Amino acid sequence: MVSAPIVQVSDLASHEGETVTVRGWLYNRTDKGKLQFLLVRDGTGIVQCVAFKGDLPEDVFDAARAITQESSLTVTGTVRADKRAPGFPGGYEIGVTDLQIIQKAEEYPIQPKEHGIDFLLDHRHLWVRSSRPWAVMRVRATVIKAIRDWLDDHGYLLVDTPIITPSAGEETTSLFKVDYFGDTAYLAQTGQLYNEANIASFGKVYCFGPTFRAELSKTRRHLTEFWMVEPEMAFFSLEDLMDMEEEFVTAIVKAALERNRPELELLGRDVSRLEVVEPPFPRISYDEALEMLAEIREQTDDPEQKRLLELEWGKDFGSPHETAIASRFEKPVFVYHYPTEAKAFYMQPVDGRPEVCRSVDLLAPEGYGEITGGSERIYDIALLEERVASLGLPREAYEWYLDLRRFGSVPHAGFGLGVERTVAWICGLEHIREAIPYPRTIKRVYP
RNA sequence: UCCUCGGUAGCUCAAUUGGCAGAGCAAUCGGCUGUUAACCGAUGGGUUGCAGGUUCGAGUCCUGCCCGAGGAGCCA
């Protein structure tokens, strides 16, 4: 047994010519008789290990030959550059001198070939080992770090908000009910109301965590459990909000381009679509968006498309509308001043035009839909009380929230950004379920 | 919740008008010194989602149920 320094596959380039040990799992193999090509993963990358019968003791070569897909192992050998070597990042391979199997895997269900989505999701605990999910989760980690770094560096304080909440924030039909020692509680679908309390202590805050929606939504952009970051800022106007959002979203995209370009290439992402993301983002009003939709409807000959793009004033956009609007722009596009009736009770009406409110959604390009939604909040106590009453909301549940307007209320604004939708957009994924390690959808809580 | 589509070997799929349930990959065994989801030869592998029905005969037709996918509405 040769003892050699343990190195990571991602660092192999700096060990050319040295004898090293890699610990990991067998990703795939090619058996050429006296020559074995073993693709070994270690979490940081994939390296090809080459075992040649003539160079090795018989037992070592036999071990290389017997190893099954996804068996755990340690491989020792000499690092050499070779253009033919596949892997991630590739270009280097290990000439095997020793090899030990830690556990010989049983027949592994996932092959390096096409599989159906149902099968893959049933085996998500194994599928996470495959190169596509691996690349996506690395981008996801970058996105999350970029979110935190940008906010922390720009004067926002992370203030955690509860996941178990006492009352319905918005509609109870979309809340998961929890038995709380005999009382009813709900899983949070937003931390916003608490953020609004926290800004009076810290000025600019954000909460970041999982959030839960019991909606019976069955589309490529919905999960019942997803991660959301919600910044909330005292003394912010709608314009301040858009200025901040475009800087923030640009920083996230840039971080992924800087740190995960190889992963994005592995995913087949056209990164030129991401490289154009720079402030300023186009800004259009809801009314302008409706005109745009009317134009698009006129231009299409597809009767189905015409029907899907119909929208009467006052309604919120569905995904066909969002996709159609976003397709007119290279960059993410802000749509502001939505009809008040389509939005939440706490959004500030526009002066002199109360039928629309100071709200803004950010639509991602390429059909990825709404990635942020936010607004200025009502800060006048009388107006907020009136809204609570007119919508028939339970006043007692909102007493503490109304308090915030009684003790030093200020104009303020905030928004939520959906992490999985952002990751799906950056990675170019077909479906949001690939943007989270263990997706929870209306039909799936396993594994 | 509504609409549409689907469920056949471990996986991806085929099976003519209702007439012997098959292929590729994977697995196992053998061959090959540069493979990139290698290739070549051989072997094993099936309660056709479940329950009924029609029929001489059902993977195929009928009824009910279960499971999943795509889309809509709603939303991030």
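Given the structure is predicted, the values throughout are model-derived calculations rather than measurements. Chain letters run A, B, ... following the sequence lines, proteins first and then strands; every chain starts at 1.
- Taking the centre and axis of the six-membered ring of A:Tyr156, the NZ or CZ atom of A:Lys204 falls inside the cone set by 45° and 6.0 Å.
- Where A:Gly416 and A:Arg80 meet RNA chain B, the nucleotide closest to each residue was compared, and A:Arg80 sits on the side nearer the 5' end.
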Between protein and nucleotides 10-15 of chain B, map the contacts as a letter string: B base, S sugar-phosphate only, - none, heavy atoms under 4.0 Å, written 5' to 3'.
BBS---
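- With salt bridges taken as basic N to acidic carboxylate O contacts below 4.0 Å, one links A:Glu93 and A:Arg80.
- For the pair A:Leu121 and A:Gly54, nearest-nucleotide mapping onto RNA chain B gives the more 5' position to A:Gly54.
- In this structure the side chain of A:Val22 reaches within 4.5 angstrom of the side chain of A:Val7, judged on heavy atoms.
- Counting only N and O atoms by type, the side chains of A:Thr44 and A:Asp42 include a donor and acceptor under 3.5 Å apart.
- Side-chain contact between A:Leu121 and A:Pro439 is present, with at least one heavy-atom pair separated by less than 4.5 Å.
- Comparing atom distances between the A:Asn28 side chain and each of B:A37, B:C75, B:A72 picks out B:A37 as nearest.
- Proximity of the aromatic rings of A:Phe345 and A:Tyr398 is defined here by a centroid distance below 6.0 angstrom, and this criterion is met.
- Each of B:U35, B:A72, B:C74 was ranked by its minimum atom distance to the side chain of A:Thr30; first place goes to B:U35.
- Less than 4.0 Å separates RNA chain B from at least one heavy atom of each of the following residues of residues 32-50 of chain A: A:Lys32, A:Gly33, A:Lys34, A:Leu35, A:Phe37, A:Gln48.
- Heavy-atom distances under 4.0 Å link RNA chain B to A:His431, A:Ile432, A:Arg433, A:Lys443, A:Arg444 of residues 422-445 of chain A, given in residue order.
- Aromatic pair A:Phe212/A:Tyr186: centroids not less than 6.0 angstrom apart.
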